[in-house]
Q: 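Got a structure for you, questions after.
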Amino acid sequence: MLTINLIREKKDFVIERLKVKNFDAGEIVEKIILLDSSRRELQTGTDSLQSEMNQISRKIGAMMKDNPVSGADEARAKTHLLKEEIRSLSEKLAAVEDALREEIISLPNLPHESVPAGRGADDNLIVRDGGVMMEIPSDALPHWDLIRKYDIIDFELGIKLTGAGFPVYKGKGAKLERALISYFLDQAVKAGYTEILPPVVVNEASGFGTGQLPDKEGQMYHIGADNLYLIPTAEVPVTNIYRDVILNADNLPVKNVAYTPCFRREAGSWGAHVRGLNRLHQFDKVEIVQITHPGHSYEALEEMVTHVEGLVSSLGLPYRIVRLCGGDMSFTSALTYDFEVWSAAQKKWLEVSSVSNFESFQANRLKCRFREKGDKHTRLAHTLNGSALALPRIVAALLENYQTGSGIVIPDVLIPYTGFKIIT
RNA sequence: GGAGAAAUGGCAGAGUGGUCGAUUGCGGCGGUCUUGAAAACCGUUGUCCGGGCGACUGGACCGGGGGUUCGAAUCCCUCUUUCUCCGCCA
């Protein structure tokens, strides 16, 4: 969430920037300004009443000590009215605080100045591309046919066990999946990330910290009996490690990487365009997360983009990097780069990574702060994350792009992990 | 799952109704001493929200929430977590 200071001091700027996300903040911001000043007024009021009350209590205490049968009763009588006033005023204060908070959390993050305006995917900006479009046979198959032909992923079995969107990986398919996970993790560790293996079920506070709750409640699977959520991404547990944490500036940046399965309900988003591995309810993903000094978060973002680019390019997949326009960005992000790989048989670009800087938006919800050495005050850190990478669409692209008459060829970098060079 | 005990500042650990935001030790930071370091000694050391240009000042926080009381770290209720014993178990 945005900080109240920013809204208070630069409200026109806030409103202006949010237009890039096609969000009309005018009314909400005005409401926030009013609630905020009323909040402060109420606080000053309750504080001074409370102060008065504390003084009387202390006086009674002193009287009791000096002379237990003194006129303490008289002083005590005075407190009743005061107590009522405090009660009613602090009830008002609490109500205003709740209302204020509700308004503030409804505001999305401000987009970075480099974010292009726009409504949707068509307005995204292609930053650069790489890799070579490879020649594939004229009778090339889409991946959903390939997985059946080589019997490496079984959707029907998944439907039997769970339901649509929960595929079963088998044989060389399972091994390829595991190879990709290991490869991605190893590359991240080489780049200085610490490997984390977090819980895949989180509580409400964690869901709120990274911004999934309350707005995107429907995206996550909810375990009602225990009020817990299956994670839609490792971002949630890994970033929440730093909830309510004050870091030492010397320890920044924090760089973590985690593999987890990810669970998404994807309610209402099914259709012909999401066949096969294109969209699933459960999928594997390796995620990189950084917590940085506010002055260095955009350097970190570039570093993460470079890391992801290295992965995609080492797999020999044609790719392009896209800077999302305001309308296509997430609620929490200030700047997002998407990575797309070319799916040769489907003849379309598939999103395989999304790398974002959230600046202090998540950190403010998380209360993730840091302190400069010798500095008395804490400041909000910046948080970033990116997929490195999401597996299913990578697998889809690998299968389609590397299909040959004799089988599916495994890219060189993966062979040490798969132990085989071709899927036949 | 059953029975019992506990939850205090970065850590350890006092505090059972009245200047307790909290004794003390360790750790951290600053200083004295030293060529440097260690030791010793001295000082300092939580977070959040207000008010004030500022010196400074008011309020809240002792696992979370609620209650009793003029006054709660201390008493009561409730939730959560941890530990011990029993049961179950990959």
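Per chain, numbering begins at 1; letters A, B, ... match sequence-line order.
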Q: Go ahead and name the base partner of B:rC20; Watson-Crick or wobble counts if both distances stay under 3.5 Å, otherwise write none.
A: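 Paired with B:rC20, as far as the under-3.5 Å criterion goes, is no nucleotide at all.
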Q: With nearest nucleotide decided by heavy atoms, which residue, A:Arg87 or A:Asp47, maps closer to the 5′ end of RNA chain B?
A: A:Asp47
Q: Not counting sequence neighbours, list each pair that qualifies as a side chain to side chain donor-acceptor pair (under 3.5 Å) and has a residue in residues 85-100 of chain A.
A: none
Q: With both distances under 3.5 Å as the test, what is the Watson-Crick or G-U wobble partner of B:rU84?
A: B:rA3
Q: Hey, does the side chain of A:Ser90 come within less than 4.0 Å of B:rA60's phosphate (OP1/OP2), counting only N and O?
A: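 Checking A:Ser90 against B:rA60: no side-chain N or O falls below 4.0 Å of OP1 or OP2.
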Q: Residues of residues 36-46 of chain A with any non-hydrogen atom less than 4.0 angstrom from an atom of RNA chain B: list those, numerically ordered, please.
A: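 Only A:Arg39, A:Arg40, A:Gln43, A:Thr44 qualify.
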Q: Tell me the ring-ring contact (aromatic ring centres under 6.0 Å, His included) pairs involving residues 146-167 of chain A, sequence neighbours left out?
A: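 Of all non-adjacent pairs touching residues 146-167 of chain A, those that pass ring-ring contact (aromatic ring centres under 6.0 Å, His included) are A:Phe166-A:His281.
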Q: Keeping to residues at least two apart or across chains, list the salt bridge (charged side-chain N to carboxylate O under 4.0 Å, His left out) pairs with something in residues 298-315 of chain A.
A: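 Only A:Arg128-A:Glu309, A:Lys255-A:Glu303 qualify under salt bridge (charged side-chain N to carboxylate O under 4.0 Å, His left out).
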Q: Is there a Watson-Crick or G-U wobble partner for B:rA40 with both distances under 3.5 Å, and if so, which one is it?
A: B:rU32
Q: Any side-chain N or O of A:Asn54 less than 4.0 Å from the OP1 or OP2 oxygen of B:rC70?
A: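 The answer is no; no side-chain N or O of A:Asn54 sits under 4.0 Å from OP1 or OP2.
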Q: Pick one: which of A:Leu213, A:Val236, A:Val200, A:Val201 meets side chain to side chain contact (heavy atoms under 4.5 Å, CB included) with A:Tyr229?
A: A:Leu213
Q: Would you tell me if any nitrogen or oxygen in the side chain of A:Lys59 comes within less than 4.0 Å of OP1 or OP2 on B:rG71?
A: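 It does not, given that no N or O in the side chain of A:Lys59 lies less than 4.0 Å from OP1 or OP2 of B:rG71.
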Q: Can you list the residues that meet the side chain to side chain donor-acceptor pair (under 3.5 Å) rule with A:Asn385, with sequence neighbours excluded?
A: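 Per chain and number, A:Asn385 pairs via side chain to side chain donor-acceptor pair (under 3.5 Å) with A:Glu235.
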Q: Classify the ring geometry of A:Tyr221 against A:Phe263: parallel below 30°, tilted from 30° to 60°, perpendicular beyond 60°.
A: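 Taking A:Phe263 first and then A:Tyr221, their aromatic rings stand perpendicular (interplane angle over 60°).
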Q: Is there a side-chain polar atom (N or O) of A:Ser51 under 4.0 Å from OP1 or OP2 of B:rG59?
A: yes
Q: Is the cationic atom of A:Lys172 (NZ for Lys, CZ for Arg) positioned less than 6.0 Å from the six-membered ring centroid of A:Phe420 and within 45 degrees of its normal?
A: yes
Q: Against the six-membered ring of A:Phe208, is A:Arg365 placed for a cation-pi contact (under 6.0 Å from the centre, within 45° of the normal)?
A: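 Yes, A:Arg365 lies over the aromatic ring of A:Phe208.
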Q: Near RNA chain B, counting only heavy atoms under 4.0 Å, which residues of residues 361-372 of chain A show up?
A: A:Arg369, A:Arg371
Q: Looking at B:rU47, B:rG67, B:rC70, which one has an atom nearest to any side-chain atom of A:Lys83?
A: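 Comparing B:rU47, B:rG67, B:rC70 against the side chain of A:Lys83, the answer is B:rC70.
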